[in-house]
Amino acid sequence: MLDAVYYLCFTKSYFNKSDASAVEKGSNGFSLHASFTVSGHNIPVSLILRENGKKELLVEQETISPFSTHIGKFPVVFIAPDDVILITGGSEERRKFIDTLICQLDHVYMIQLIRYNKFLQDRNKYLKNVAGSIADPILLDSFDEQLIQSGTFLLKKRIEFLEGFIQSVIDSFGFISGEKEKPALVYMPSTSADTYAYNMQKARQKDILLQRTSVGIHRDDIEILMDEMPFKQAASQGQKKSLLFALKLASFNALKLHFGFEPILLLDDIFEKLDQERLKKLLDWVCIRNNGQVILTDTHHERVNEALTDISLPFQLIKL
């Protein structure tokens, strides 16, 4: 159910890379329909996966193409159990998180990111194909020019966005955890706007040997520290949970500030990952201090009923 809502907002699954993984066994496709209410206006949205694998998106009965123009129309924040990989996993997870968030806020950023990833894929494919032979410097110059152009734009946007976002994460961490000790988050770009072209040229021979592009915004990371130690090593399990929810709350705040209304918050099996006190603070922030809508799942309906009744929130419980 949660993934269906996410599908209608992003035109893809939160969990699976392949649309086929979301199709019920024995079926050849799926059809999703919902009505979103924005500023009192009901907007019907449908997403259909045909037998031939083609997807169709309709908003108010009008076909939307390309799908990228739909991203950000209905902002959403998803929290799932495996999201702790944002903290414990590699840099790719944190880049994906930041890029997904900024894409909801900035359509031009999304277009440039798609463009960058295409040229990065083409350059890496070429480097693999010329393994053991002489690479064409003119063709590499062309790849580099495109990557530097898009990469510089994306780098500047990330730096601009993260300046305020990181402080919001730290503030949200204090709110969720109630702890005085706070993490430090630092954006670690692999290059700078001023040295982008120089660093790519300098790394060219290494790239030819490695058969991949070693410089660019696809190598950036957000370093997370606690007492000058890597957060994933120094932090307790409770602190890791608090930081995960702080990242999501900061996303919620960024989307609300940009759109002027609260995003939908999707919580998957959340009681297994969050104690009662942290959950109470999260729901208080989203539903009481703000006017947000939450859709959550749990395996024990008594636990959901008790938690939501305890904080006097109106809710509807659906048993499946």
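- The number of heavy-atom neighbours closer than 6.0 Å to CD of Glu302, taken from other residues, nucleotides and ligands shown, is above 12.
- Looking at Tyr187 and Ile98, their side chains never come closer than 4.5 Å, going by heavy atoms from C-beta outward.
- Asn16 places no side-chain N or O within donor-acceptor distance of the main-chain N or O of Ser18, the cut-off being under 3.5 Å.
- Heavy atoms of other residues, nucleotides or ligands lying less than 6.0 angstrom from NZ of Lys55 number more than 12.
- Around atom OH of Tyr198, no more than 12 heavy atoms belonging to other residues, nucleotides or ligands sit under 6.0 Å away.
- Put simply, CG on Leu101 and CZ on Phe165 are 5.5 Å apart, with the number rounded to the nearest 0.5 Å.
- Annotation for Gln211: atom CD counts as buried by contact number, over 12 foreign heavy atoms lying within 6.0 Å.
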Steps toward side-chain contact (heavy atoms from CB on, under 4.5 Å) verdict (Phe10, Thr100): CA-CA 10 Å; Phe10 269 90; Thr100 301; 3.7 Å; yes
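- Residues Leu2 and Tyr6 form no side-chain contact, since every pair of their non-hydrogen atoms from C-beta on lies 4.5 Å or further apart.
- With rounding to the nearest 0.5 Å, the separation of CG in Leu147 from CZ in Arg115 is 8.5 Å.
- Asn124 places no side-chain N or O within 3.5 Å of a backbone atom of Arg212 that could act as its donor or acceptor partner.
- Between the side chains of Gln167 and Asp171, at least one donor-acceptor pair of N or O atoms lies under 3.5 Å.
- Inter-residue side-chain proximity for Arg204 and Gln201 is flagged as met; some heavy-atom pair is nearer than 4.5 Å.
- Leu105 contributes atom CG, which lies 5.5 Å from atom NE2 of His258 (distance to the nearest 0.5 angstrom).
- There is no side-chain donor-acceptor pair under 3.5 Å between Asp207 and Thr213.
- Atoms CG and CD1, from Leu247 and Ile222 in turn, are 8.0 Å apart once rounded to the nearest 0.5 Å.
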Stepwise side-chain contact (heavy atoms from CB on, under 4.5 Å) check, Asp122 with Gln146: CA-CA 11 Å; Asp122 289 346; Gln146 301 298 332; over 6 Å; no
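- By the neighbour-count criterion of 12 heavy atoms within 6.0 Å, atom CD of Glu56 is densely surrounded, having more than that number from other residues, nucleotides or ligands.
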Audit row: Ile224, Arg94, side-chain contact (heavy atoms from CB on, under 4.5 Å) steps and yes/no: CA-CA 10 Å; Ile224 309 174; Arg94 290 179 285 279; 4.2 Å; yes
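- Within a 6.0 Å radius of CD in Glu306, other residues, nucleotides and ligands contribute 12 heavy atoms or fewer.
- Atom OG of Ser168 and atom CG of Leu162 lie 11.5 Å apart (nearest 0.5 Å).
- Within the 4.5 Å cutoff, the side chain of Glu262 has heavy atoms near those of the Phe252 side chain.
- Ser46 places no side-chain N or O within donor-acceptor distance of the main-chain N or O of His33, the cut-off being under 3.5 Å.
- The shortest distance between side-chain heavy atoms of Asn129 and Lys125 falls below 4.5 Å.
- Rounding to the nearest 0.5 Å places CZ of Arg219 at 7.5 Å from CZ of Arg95.
- The main-chain N or O of Thr195 is found under 3.5 Å from a side-chain atom of Ser192 such that the two form a donor-acceptor pair.
- In terms of modelled atom types and a separation under 3.5 Å, the side chain of Thr297 and the main chain of Asp269 share a donor-acceptor contact.
- Counting only distance, with no hydrogens or angles, the side chain of Tyr126 and the backbone of Ala135 share no donor-acceptor pair below 3.5 Å.
- With a 6.0 Å radius and a threshold of 12 heavy atoms from other residues, nucleotides or ligands, Lys128 has its NZ atom above the threshold.
- In this structure a side-chain-to-backbone donor-acceptor pair under 3.5 Å is present from His70 to Leu8.
- No donor-acceptor pair closer than 3.5 Å links the side chain of Asp221 to the backbone N or O of Met188.
- A side-chain donor-acceptor contact under 3.5 Å links Asp19 and Tyr7.
- Side-chain atoms of Asp227 do not come within 3.5 Å of backbone N or O of Met229 as any donor-acceptor pair.
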Evaluation steps, salt bridge (charged side-chain N to carboxylate O under 4.0 Å, His left out), between Arg123 and Asp144: CA-CA 8 Å; Arg123 188 181 194 266; Asp144 292 359; 2.7 Å; yes
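- Atom CG of Leu317 has more than 12 heavy atoms from other residues, nucleotides or ligands within 6.0 Å.
- Judged purely by atom type and a 3.5 angstrom limit, Lys12 has no side-chain atom pairing as donor or acceptor with the backbone of Lys17.
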